[in-house]
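Below: one structure, written as structure tokens.
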2 protein chains.
Amino acid sequence: MQPTNSNPVPSLAEARAQFIHLWGVSGSSWGVSKTLAQVHALLLVSPAALSTEDIMEQLTISRGNASMTVRELLDWGLVYKELRPGERREYFVAEKDMLQVTRCIIRARKRRELDQMKRSLDQLAALPGDPADAEYRVFHATLTEIQQLATVSDKLLTRLMQAEKSWFWNTFLKLFM
Amino acid sequence: MQPTNSNPVPSLAEARAQFIHLWGVSGSSWGVSKTLAQVHALLLVSPAALSTEDIMEQLTISRGNASMTVRELLDWGLVYKELRPGERREYFVAEKDMLQVTRCIIRARKRRELDQMKRSLDQLAALPGDPADAEYRVFHATLTEIQQLATVSDKLLTRLMQAEKSWFWNTFLKLFM
DNA sequence: CACAAGTTTCAATAATTATTGAAACTTGTG
DNA sequence: CACAAGTTTCAATAATTATTGAAACTTGTG
């Protein structure tokens with residue numbers, strides 16, 4: 001990578017670096033750590049599998065950080081281990097099918113943001129009260145609406161996760177847009 | 001609020017406090033500040049409009065924090081000003097229609113998370129390259145897929161934002177679930 | 001215009017979250 | 001079992017983000 005070249009057409013290496021940076025920024029606006037997003041981006045644009053060592057080097061992050069981040073990506077299902085016979089070192093490849101990637105991300109975010117909330121809401125909504133009391137009425141109405149909404153969102157997301165490629169691109173897209 | 005009562009049925013005040021707490025926690029897992037979510041929750045369950053003073057007091061936050069948070073909620077469109085003739089002080093009410101609330105939230109998050117990203121992607125995807133090069137092929141394929149996905153998400157979200165109450169609850173929900 | 005009653009701004013600080021890096025651990029091999 | 005080649009953990013630290021609170025500002029009224 002020679003950033004000294006101020007050519008109007010950036011080199012592939014520059015473009016890749018920009019993509020990794022972009023994905024990192026987007027990641028933060030999303031609630032995942034910048035590093036997680038960057039490691040993911042790096043693996044997405046790497047044709048070959050990379051080792052922890054490669055990742056550390058290319059993103060200049062510490063070994064600990066690389067190790068934990070890769071583990072989290074494996075956890076999300078966004079990255080696979082690739083073991084090479086006779087080698088001790090582990091290599092990692094990203095899931096390249098973006099529909100699959102989307103499913104993983106929806107699944108993880110739904111679990112983190114929605115499912116947890118639904119549980120708490122159910123408890124609160126069960127609270128009995130005096131319907132003559134304005135405070136109670138507003139509280140109860142708000143809670144009920146939020147619950148309904150959470151239920152619909154849940155169903156929508158679940159449906160999207162199950163979506164087949166064909167359904168997603170054809171039925172869904174063409175019928176509804 | 002007397003938290004000394006260990007009655008199995010919590011009082012309304014306790015339930016409201018729990019709700020505000022819950023919304024605050026959910027808010028953080030979402031990427032908005034805890035305070036923002038809590039002020040929103042407080043206003044959602046308050047039948048009457050509240051002043052900055054009321055909010056500061058009920059959530060024990062500073063004046064500056066309350067002021068900035070309320071301004072941000074106005075910005076999102078989640079809260080309205082209520083001016084009372086002859087009074088200097090400003091009061092605030094939350095938008096109570098949760099479908100409307102959802103629209104506001106989708107709009108804000110889409111702007112923050114998606115639109116920004118699309119702009120950067122378009123730039124990167126325009127990059128020409130050598131199709132014989134594996135690095136380039138993988139890079140280009142990934143970018144194209146992400147762009148398609150971003151476009152579909154954009155359309156889906158836009159559609160959801162325009163959704164009428166009836167469409168949302170009937171057509172959409174019943175046809176697709 | 002001076003004052004009262006409020007609101008907003010923003011530098012300093014507190015709280016939270018991410019990262020490092022060295023030590024502990026794991027695992028395959030002679 | 002000792003060692004080499006790796007991986008993981010986690011306390012300390014750095015970086016980031018949210019909050020405070022006092023000073024500056026705004027606005028309506030006598």
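Hydrogens, waters and symmetry mates are skipped; everything else that's a heavy atom, side chains included, is used. Each chain gets a letter, A, B and so on, in the order the sequences are listed, and its residues count up from 1.
For residues 44-60 of chain A, the set of pairs meeting the side chain to side chain donor-acceptor pair (under 3.5 Å) definition, not counting sequence neighbours, comprises A:Ser51-A:Asp54, A:Glu53-A:Arg63.
In this structure, A:Arg84 places its CZ atom 19 Å from C1' of C:dG28, rounding to the nearest Å. In this structure, B:Tyr91 atom OH and C:dT7 atom C1' are separated by 14 Å, rounded to whole Å. The distance from atom CD of A:Glu87 to atom P of D:dA4 is 19 Å, rounded to the nearest whole Å.
With rounding to the nearest 0.5 Å, the separation of CG in B:Leu157 from CG in B:Leu114 is 6.5 Å. For the atom pair B:Leu124 CG and A:His21 NE2, the distance stands at 11.0 Å (nearest 0.5 Å). Distance check: B:Asp130 CG to A:Leu12 CG gives 9.5 Å after rounding to the nearest 0.5 Å.
Stems are defined here as 3 or more consecutive Watson-Crick or G-U wobble pairs with pairing distances under 3.5 Å; those involving DNA chain D are C:1-30 with D:1-30.
In this model, the phosphate group of D:dT19 is approached by a side-chain N or O of B:Thr35 to a distance below 4.0 Å at OP1 or OP2. Taking side-chain N and O atoms only, B:Ser33 has a distance below 4.0 Å to OP1 or OP2 of D:dT19.
Using a 4.0 Å heavy-atom distance criterion, A:Arg88 is classed as a base contact.
Mapped onto DNA chain D by nearest heavy atom, A:Lys34 and A:Lys81 fall at different nucleotides, with A:Lys81 at the one closer to the 5' end.
For the pair A:Arg16 and B:Phe139, the cation does not sit on the ring face, since its NZ or CZ is not both under 6.0 Å from the ring centre and inside 45° of the axis.
Across residues 53-74 of chain B, B:Arg63, B:Gly64, B:Ser67, B:Met68, B:Arg71 each have a non-hydrogen atom less than 4.0 Å from an atom of DNA chain C (numbered order).
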| request: Give the C-alpha distance, both sets of side-chain angles, the deciding distance and a yes or no for side chain to side chain contact (heavy atoms under 4.5 Å, CB included) between A:Val79 and A:Val39. | output: CA-CA 10 Å; A:Val79 157; A:Val39 172; over 6 Å; no
* **B:Leu160 vs A:Leu156, side chain to side chain contact (heavy atoms under 4.5 Å, CB included): CA-CA, chis, key distance, verdict** => CA-CA 11 Å; B:Leu160 282 177; A:Leu156 172 58; 4.1 Å; yes
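In this structure a side-chain-to-backbone donor-acceptor pair under 3.5 Å is missing from B:Thr69 to B:Ala66.
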